Amino acid sequence: MIDRRSMLGGIAAATLARPALAQAFPARPIRLVVGFPPGGTTDLAARVLIEPLTQRLGQNVVVENRPGGAGGNIGADVVAKADPDGYTLLMQTVSSGAINHGLYGARMPHRPDAMTAVALVVKVPNAIFVTNSLPPRTLRELVDYAKARPGRLNIGSSGVGTSLHMTGELLKQAAGIDLTHVPFRGAGPMLQEVIAGRIEVAVDNLPSVIGHLREGRLRPLAMTTNVRSPAMPDVPTTAEAGFPAVEATAWFGVTAPARTPREIVERLAREINACLADAAVWRRLEDLGGLKPGLTPDGLSTPASFQRFIDEEIVKWGEVVRRGNITVD
């Protein structure tokens, strides 16, 4: 027969041990996996975060780049299959966190529930822009211009299935226009072709293209967010231009393997939010064109609100993939 006092004592001890787990964490360095090469927006955002997070946690947080194509799937799968102890985290993106689940389907190396949300770090607008030789000076003028020339304008992206490709598809579907998608191996080659006038229209993450836009080598038409970017406040949003459905951000947040203890997830979320509340840290992210997470009244996020956001993004981009009949080899 089970002794009731022993059982209650065991429950009480377990309850007391749960806060102690979070207090003892971390006892060794933490890996923050980035599924892309150094120097890109994902890597830059991760490196802005790790210095203040290291100070707050009292243990080194180190970036580990695990590139290899497939929209960040390789790095994401490393984390999905890691021990759920809080020592291996992912700098999650809209690609591996949402778009790829619709794009790869059964070929996706892990299911969405293999990961748990910790904190959304930053959103980055995508810019819709054109080569300077093209007449349109607003997004509405571009739509009218394209409707008069179905299939004759090219729209560039950094590759099939990327968030930039998907944003272009969202524009085509929302505006009812026919643009010919031209994928490149990265944003750099694509931008050079738009500057040269061989590609008329393109979409890119603001940090990658902002220099060209500011210096007049390319003409910005709209930002794909519901608020203007502080980095380019004179450029209207897609909603202001009359296309509110074309809302798309490249977002970057921290996720962990499923079954990571809730106390550790909550501790990490608190510390990440404290980093983002630091004006000096946020200024560095804002310089990249970043916008605040905006999932809670204080402008930040919680694990629950970030998880809801990811779930909504999976549905949204899955619909874009389906309607566009988009496939990858």
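All values derive from a computational prediction rather than experimental measurement. Keep in mind that the numbers below use all heavy atoms, side chains included, and drop hydrogens, waters and symmetry copies.
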Under the side chain to side chain contact (heavy atoms under 4.5 Å, CB included) rule, collect the residues that match up with [X], sequence neighbours excluded.
X	answer
A304	T302, R308
V320	M166, E169, L170, Q173, W317, R323
P112	H101, I314
N226	none

Restricting to non-hydrogen atoms, name the atom on [X] and the atom on [Y] that form the minimum distance, rounded to 0.1 Å.
X	Y	value
A80	H110	CB-CG, 3.8 Å
L191	D204	CD1-OD2, 3.6 Å
A45	L285	CA-CD2, 4.3 Å
I272	L49	CG2-CD1, 4.2 Å
S229	L291	CA-CD2, 4.2 Å

State, with a plain yes or no, whether a side-chain heavy atom of [X] is found less than 4.5 Å away from one of [Y].
X	Y	value
L44	R47	no
L206	I210	yes
L53	E271	yes
E51	Q55	yes
M223	E240	no

Next on the checklist: Under the rule for salt bridge (Lys or Arg N to Asp or Glu O under 4.0 Å), what residues qualify as partners of R283, not counting sequence neighbours?
Outcome noted: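 In terms of salt bridge (Lys or Arg N to Asp or Glu O under 4.0 Å), with neighbours along the sequence ignored, R283 is linked to no residue.
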
Checking [X] side chain against [Y] main chain: does a donor-acceptor pair fall under 3.5 Å?
X	Y	value
T238	T224	no
R198	E193	no
T54	I50	yes
D278	V281	yes
N132	I195	no
E247	P244	no

May I have the list of side-chain donor-acceptor pairs in residues 24-42 shorter than 3.5 Å, sequence neighbours left out?
from : atom 1 : to  : atom 2 : distance (Å)
R28  : NH2    : D85 : OD2    : 3.2
R31  : NH1    : E64 : OE1    : 3.1
R31  : NH1    : E64 : OE2    : 3.1
R31  : NH2    : T88 : OG1    : 3.1

Checklist outcome for this item: So ring pair (Phe, Tyr, Trp, His ring centres under 6.0 Å) across residues 267-300, not counting sequence neighbours, yields none

Checklist entry - For L89 and L268, what are the C-alpha separation, side-chain angles and deciding distance, and is it a side-chain contact (heavy atoms from CB on, under 4.5 Å)? => result CA-CA 10 Å; L89 307 173; L268 288 166; 3.9 Å; yes

Checklist outcome for this item: Cluster membership besides V315, Ile/Leu/Val/Met/Phe/Trp/Tyr side chains within less than 4.5 angstrom, sorted by chain and number, is none

Anything under 3.5 Å between a donor and an acceptor, one on a side chain of residues 251-261, the other on a protein residue two or more places apart or in another chain? List them.
from : atom 1 : to   : atom 2 : distance (Å)
W251 : NE1    : E313 : OE1    : 2.8
T260 : OG1    : P257 : O      : 2.6

Checklist outcome for this item: Contacts satisfying side-chain hydrogen bond (donor to acceptor under 3.5 Å, both in side chains) that involve residues 286-297 (not counting sequence neighbours) are T296-D298

Acceptor/donor pairs from residues 134-157 side chains to any protein atom, 3.5 angstrom cut, sequence neighbours excluded:
from : atom 1 : to   : atom 2 : distance (Å)
T138 : OG1    : E141 : N      : 3.1
E141 : OE1    : R137 : N      : 2.8
R149 : NH1    : Y145 : O      : 3.1
S157 : OG     : G159 : N      : 3.2
S157 : OG     : G159 : O      : 3.3
S157 : OG     : H181 : NE2    : 2.7

Determine all donor-acceptor pairs shorter than 3.5 Å in which one atom belongs to a side chain in residues 113-130; sequence neighbours excluded.
from : atom 1 : to   : atom 2 : distance (Å)
K123 : NZ     : P293 : O      : 3.2
N126 : OD1    : N205 : ND2    : 2.7
N126 : ND2    : T167 : OG1    : 3.0

Checklist entry - For L164, which of S158, P183, S95, S208 qualifies under side chain to side chain contact (heavy atoms under 4.5 Å, CB included)? => result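 Per the side chain to side chain contact (heavy atoms under 4.5 Å, CB included) rule, the option paired with L164 is S158, out of S158, P183, S95, S208.
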
